[in-house]
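As a basis for the values below, the full set of heavy atoms in this structure was taken, side chains included, without hydrogen atoms, waters or symmetry mates.
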Amino acid sequence: MGELPMPGDWSLSTMWMPMCGQTWLDAAAAFTFTWSAMMAPMMLPSLAPALLSYWRRVRTRGKRRAARATALVVASYFGAWAAFGVIVFVAGAAVAANLMRSSALARAMPVCSGVTVVLAAVLQFTAWKARRVACRKTICRHGGDDSDLASDAVLHGFRLALHDGYCCANFMAVLFAVGVMNPFAMAAVTVAMAVEQWPPWRVRHPTPT
């Protein structure tokens, strides 16, 4: 993907706008595909413990049914992230359009990015973040209890995606501030989310009040 030099000595990625010969629909589809491909390796390390827990609960119903149900959890989970990618593209395209029109706003972006990174770091150690992580842990212990295993699996995947979105909101904010397709930022965010969720390395947060 190309980049456009912007006032303030930074570059705007062209992924937020149609390229030559593309329609806005084409650009949105291309972004959503890339976003989904990026989310899979990023979210899978933190999703894996939840999938393992789900599999252990449903395998008593038969390994074949358990495998299908677990696959539905994965499909609905990443389907939810793909849908969120569409929202991200619309928001990013709107911001990019405004940046192209306003040089003052473009010059302010590096400062805004720095402030976003600082706020994301502060949020990591708040009671709000602790509650989100604790709630996600509770969600991981449920699922597979419904008589209709298929619908339960789909809903469980959506719930996991929603709560993972809450848990990694500050990490994702850093990713957008640094560059959503920056491979080094993606790797750092992936490690941070995995460490936060994987036992026995789960990060201890302040006790929610």
Side-chain angles (χ1 to χ4, degrees), residues 1 3-17 31-32 34-36 38-39 41-47 77 80-139 159-198 201-209:
M1 293 183 182
E3 294 187 338
L4 297 175
M6 299 293 290
D9 196 26
W10 65 284
S11 297
L12 175 66
S13 174
T14 56
M15 68 181 179
W16 303 112
M17 58 197 75
F31 176 88
T32 303
T34 305
W35 167 270
S36 300
M38 179 186 77
M39 283 294 108
M42 280 186 59
M43 303 306 297
L44 195 56
S46 58
L47 176 63
Y77 179 89
W81 276 105
F84 180 62
V86 176
I87 299 173
V88 168
F89 176 77
V90 172
V95 171
N98 282 288
L99 289 172
M100 295 288 288
R101 287 196 294 263
S102 173
S103 59
L105 183 59
R107 289 190 179 92
M109 281 304 292
V111 175
C112 293
S113 297
V115 171
T116 298
V117 172
V118 171
L119 291 177
V122 171
L123 184 63
Q124 180 66 18
F125 302 100
T126 62
W128 181 89
K129 179 62 180 280
R131 285 193 293 270
R132 299 288 71 77
V133 173
C135 187
R136 199 264 190 186
K137 186 177 178 181
T138 300
I139 292 296
R159 285 193 293 264
L160 283 174
L162 177 63
H163 287 280
D164 275 0
Y166 288 146
C167 287
C168 72
N170 57 325
F171 296 135
M172 295 300 292
V174 171
L175 189 60
F176 283 112
V178 175
V180 71
M181 298 301 178
N182 185 310
F184 299 104
M186 289 169 57
V189 167
T190 300
V191 170
M193 290 188 297
V195 168
E196 186 171 70
Q197 299 297 341
W198 265 94
W201 307 287
R202 185 176 288 118
V203 176
R204 294 184 180 274
H205 290 272
T207 303
T209 54

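By the 30° and 60° cut-offs, the orientation of the rings of W16 relative to F89 is parallel.
Considering R159, R132, M43 as possible partners of D164, the one that fulfils the side-chain contact (heavy atoms from CB on, under 4.5 Å) test is M43.
In this structure, the side chains of M38 and M186 come closer than 4.5 Å at one or more pairs of heavy atoms. In this structure, T34 and M15 have side chains that are not in contact, with every pair of non-hydrogen atoms separated by 4.5 Å or more. Between V115 and V118, the closest side-chain pair of non-hydrogen atoms is not below 4.5 Å. Side-chain contact check for L12 versus M100: some heavy-atom pair is nearer than 4.5 Å.
Across all their heavy atoms, M42 and M193 have their closest contact at O-CE, 3.6 Å. Considering all non-hydrogen atoms of both residues, A185 and V178 come closest at CB-CG1, 3.9 Å. For the residue pair P110 and W10, the shortest heavy atom distance occurs at CG-CD1, 3.7 Å. In terms of heavy-atom proximity, P5 sits nearest to S11 at CA-OG, 4.2 Å. Scanning all heavy atoms of the two residues, the minimum distance from T32 to A82 falls at CG2-O, 3.7 Å. Heavy-atom minimum distance, L4 versus M17: CD1-SD, 3.9 Å.
One finds the OG1 atom of T138 at 13.5 Å from the CZ atom of R131 (value rounded to the nearest 0.5 Å). The OG1 atom of T190 sits 8.5 Å away from atom CG of L175, with the distance rounded to the nearest 0.5 Å. Going from atom SG of C167 over to atom NZ of K137 covers 12.0 Å, rounded to the nearest 0.5 Å.
The residues E196 and K129 are annotated as salt-bridged, a charged nitrogen and a carboxylate oxygen being separated by less than 4.0 angstrom.
Counting heavy atoms of neighbouring residues, nucleotides and ligands inside a 6.0 Å radius, atom OH of Y166 does not exceed 12 of them.
Side-chain atoms of W35 come within 3.5 Å of backbone N or O of W81 as a donor-acceptor pair.
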Side chain to side chain contact (heavy atoms under 4.5 Å, CB included) assessment of F176 paired with V88: CA-CA 10 Å; F176 283 112; V88 168; 3.6 Å; yes
